[in-house]
Protein chains: 2
Amino acid sequence: MGNRFIDKLRGFGELSEADMSALATATARPRKFAARQDLIREGDRPGPVIVMLEGWACRYKILPNGTRQVLAYLMPGDSCDLHIGLLAEMDHSIQTVTPSVVATISRGEMDAMMDGHREIARAMYVAQLVDQATMRAWITSMGRRTSIERVAHLMCELYLRARNIGLTDEPTFGLPLSQLLLADSLGMTPVHLNRVLKELRQKEVMVLRRGSLIITDPAKLVQIAGFDENYLHRRLRSAA
Amino acid sequence: MGNRFIDKLRGFGELSEADMSALATATARPRKFAARQDLIREGDRPGPVIVMLEGWACRYKILPNGTRQVLAYLMPGDSCDLHIGLLAEMDHSIQTVTPSVVATISRGEMDAMMDGHREIARAMYVAQLVDQATMRAWITSMGRRTSIERVAHLMCELYLRARNIGLTDEPTFGLPLSQLLLADSLGMTPVHLNRVLKELRQKEVMVLRRGSLIITDPAKLVQIAGFDENYLHRRLRSAA
DNA sequence: CGCTGGATTGACTCGGATCAAGTCGAGTGG
DNA sequence: CCACTCGACTTGATCCGAGTCAATCCAGCG
């Protein structure tokens with residue numbers, strides 16, 4: 001299985017053996033969680049940094065009127081904000097979507113690791129920049145894309161992220177998100193999302209079934225989404 | 001006038017005299033820019049960190065179809081991402097809104113300052129967390145708030161941020177944003193934004209005029225917005 | 001003093017929400 | 001093995017918020 005967190009960071013920097021063993025030590029005692037368990041709740045005083053080793057989670061906010069907005073998805077290897085410990089209070093919650101394996105790294109441990117392993121710090125900063133760029137892409141989607149474009153764009157994002165960590169099986173990939181969750185991610189109603197999915201199915205672009213997505217026509221999906229993968233910042237800065 | 005950048009960071013940490021003079025040195029040679037000048041353009045290879053000392057700017061993206069989405073506003077004291085230099089390519093642009101005074105800090109200078117002044121680093125991380133929380137609030141607005149709520153929410157955010165840096169003159173504050181820009185921030189058309197502003201004026205909640213906003217009924221504005229200022233993270237973590 | 005870009009208003013259209021029934025499918029217990 | 005149940009998915013009918021298109025209006029300014 002390996003350690004997804006290490007795998008991810010290796011994509012963002014040249015980690016030494018020492019770096020990797022420090023990361024392995026820091027994530028050595030993970031806990032299991034069932035699906036739909038809050039890992040962090042809005043209003044909480046933040047604790048340790050959490051790292052998803054297996055399974056999916058989402059960040060979300062509940063509004064006064066009871067509606068929910070999903071803000072981001074965490075896939076294996078992803079973590080919450082590095083400096084979360086500096087906050088007095090969480091402004092959003094994080095909940096598992098599937099059964100998960102989650103490691104926690106205390107603030108002290110984190111600081112020590114970042115001080116002692118500059119390349120780890122560097123890789124984590126890149127990961128954080130990608131997360132921020134993804135949030136900007138979401139804002140752009142919500143503000144300026146139609147519902148079908150928005151759906152296509154999110155599927156492109158999730159597909160590429162899954163592929164980067166080896167979670168795809170070519171035209172298909174495991175996508176454990178209910179239509180309700182997706183609707184709450186995209187700022188639309190479940191009913192309307194369902195119609196959009198139907199349209200994408202009829203156009204033979206993609207088929208979403210319980211737990212998995214089949215991308216029938218990747219080129220058309222990218223074209224509908226107006227997808228530009230630059231924001232995922234896979235290309236590393238070459239020279240120092 | 002003072003240095004807005006230092007003032008802002010002092011709100012996020014206990015800076016020593018040495019910290020402050022390091023910041024003063026780093027921002028000692030600012031440049032002036034006219035309104036509507038790109039400071040950083042999407043696709044550029046990132047250069048130094050930029051810091052707004054005077055004036056407003058915005059982050060934005062242009063979509064393939066030519067529409068624009070504003071992603072955030074930078075007010076005096078705000079800066080772009082600390083680790084911007086780690087990226088191969090910008091995923092969005094930053095443009096001045098008003099005539100501005102902007103300092104730049106090279107990557108080397110920045111690294112040295114963060115290493116030598118831990119409290120500066122700490123304050124900057126908090127500032128970054130606030131920026132991220134603000135992005136999450138924008139996603140939430142776009143996804144789950146009606147247009148009038150969205151407008152009210154943005155006005156609350158901008159008002160509070162302006163007040164934090166002493167830029168308000170009680171019920172009024174200088175808001176140099178055209179309706180077109182606001183519409184591109186809120187994911188709506190200028191025509192519809194104009195109607196929403198009219199509604200807020202008729203309800204005697206607020207009046208937006210060229211260059212300034214008068215908040216007639218703050219309580220009602222907050223209530224319409226469903227505004228919870230927690231995400232601006234003004235309350236610092238008390239104990240260490 | 002007319003030009004120009006933002007602001008404003010009206011008439012019409014349409015995407016997506018809402019309301020209201022179903023249907024399907026996986027797990028549960030008899 | 002089958003009936004039951006509960007949650008998730010589908011579909012149809014209708015409504016309304018917001019977009020579109022098209023005129024003005026207005027203030028600042030060369």
Side-chain angles (χ1 to χ4, degrees), chain A residues 34-36 56 58 63 65-70 97-99 141-154 174-203 206-214 224, chain B residues 34-36 56 58 63 65-70 95 97-99 141-155 174-203 206-214 224:
Chain A
R36 294 171 161 282
W56 291 48
C58 66
L63 279 88
N65 63 25
T67 58
R68 174 177 65 168
Q69 176 66 46
V70 172
V97 173
T98 65
S141 269
M142 315 233 66
R144 288 289 177 242
R145 280 191 251 263
T146 63
S147 56
I148 192 172
E149 292 165 357
R150 226 148 62 217
V151 172
H153 199 275
L154 180 60
L175 188 70
L177 310 177
S178 71
Q179 293 188 9
L180 217 162
L181 200 59
L182 288 170
D184 281 345
S185 313
L186 294 163
M188 48 208 263
T189 56
V191 173
H192 189 59
L193 172 68
N194 184 277
R195 293 195 231 269
V196 171
L197 291 175
K198 183 182 179 183
E199 189 181 346
L200 285 165
R201 204 183 314 130
Q202 284 170 346
K203 287 188 171 161
M206 50 168 258
V207 183
L208 180 65
R209 282 205 296 257
R210 283 177 179 258
S212 70
L213 177 71
I214 305 171
I224 291 171
Chain B
R36 295 170 159 282
W56 291 48
C58 65
L63 280 86
N65 64 24
T67 57
R68 174 176 64 168
Q69 176 65 47
V70 172
Q95 183 173 92
V97 173
T98 65
S141 269
M142 315 234 66
R144 288 286 177 244
R145 278 191 252 262
T146 64
S147 55
I148 193 171
E149 291 166 359
R150 228 149 60 218
V151 171
H153 200 274
L154 180 60
M155 294 305 126
L175 187 70
L177 309 177
S178 70
Q179 292 188 8
L180 217 163
L181 200 58
L182 287 170
D184 281 345
S185 313
L186 294 163
M188 49 207 265
T189 55
V191 172
H192 189 60
L193 173 68
N194 185 278
R195 291 193 233 270
V196 171
L197 291 174
K198 183 182 181 184
E199 189 180 345
L200 286 165
R201 203 184 313 131
Q202 285 170 347
K203 286 187 171 161
M206 52 168 256
V207 182
L208 179 65
R209 280 205 296 256
R210 285 180 179 257
S212 68
L213 177 72
I214 305 169
I224 291 172

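Source: prediction; values computed, not measured. Chain naming here is simple, since letters A, B, ... match the order of the sequence lines and numbering starts at 1 in each. Note that these values count all heavy atoms, side chains included, but never hydrogens, waters or copies made by symmetry.
B:Gln179 has a side-chain polar atom (N or O) that falls below the 4.0 Å cut-off from OP1 or OP2 of C:dT8. OP1 or OP2 of C:dT8 sits under 4.0 Å from a side-chain N or O of B:Asn194.
The CE-P distance, from A:Met188 to D:dA18, rounds to 16 Å in whole Å. Atom pair B:Asp184:CG and D:dG19:P shows a separation of 11 Å (rounding to whole Å applied). The distance from atom CG of B:Leu180 to atom P of C:dA7 is 7 Å, rounded to the nearest whole Å. The separation between B:Leu193 atom CG and C:dT9 atom P is 13 Å, rounded to whole Å. To the nearest angstrom, P of C:dA11 lies 18 Å from NE2 of B:His192. Here D:dC9 presents its P atom at 11 Å from CG of A:Leu175, a figure rounded to the nearest Å. Summarising the geometry, the separation between CG on A:Leu213 and C1' on D:dC9 is reported as 16 Å, rounded to the nearest angstrom. The distance from atom CG of B:Leu197 to atom C1' of D:dA18 is 15 Å, rounded to the nearest whole Å.
Comparing atom distances between the A:Ser147 side chain and each of C:dG16, C:dC19, D:dA22 picks out C:dG16 as nearest. Nearest to the side chain of A:Ser178, among D:dC9, C:dA20, C:dA7, sits D:dC9. Closest contact between the side chain of A:Arg195 and the listed nucleotides C:dA20, C:dA17, C:dG16 involves C:dA17.
A residue-by-residue look at B:Val196 and A:Lys198 shows that A:Lys198 has its nearest nucleotide of DNA chain D further toward the 5' end.
Across all strands, B:Arg36 comes closer than 4.0 Å only to sugar-phosphate atoms, never to a base (heavy-atom distances). Within 4.0 Å (heavy atoms only), B:Gly211 reaches no atom of the nucleic acid at all.
The side-chain heavy atoms of A:Leu175 and A:Arg209, taken from C-beta on, include no pair separated by under 4.5 Å. Inter-residue side-chain proximity for A:Met188 and A:Val196 is flagged as met; some heavy-atom pair is nearer than 4.5 Å. With contacts defined as side-chain heavy-atom distances shorter than 4.5 Å, the pair B:Arg201/B:Leu208 does not qualify. A 4.5 Å side-chain heavy-atom check between B:Met155 and B:Leu182 finds at least one atom pair inside the cut-off.
A salt bridge is absent between B:Arg195 and B:Glu199: the closest approach of a Lys/Arg side-chain nitrogen to an acidic carboxylate oxygen does not fall below 4.0 angstrom.
In this structure a side-chain-to-backbone donor-acceptor pair under 3.5 Å is present from A:Arg150 to A:Leu186.
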**Asked** In the 5'-to-3' direction, what one-character label does each nucleotide of nucleotides 25-30 of chain D receive under the scheme B = base within less than 4.0 Å of a protein heavy atom, S = sugar-phosphate only, - = no such atom?
**Response** ------
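Closest approach of B:Ser185 to B:Leu154, counting heavy atoms only: CB-CD2, 4.3 Å.
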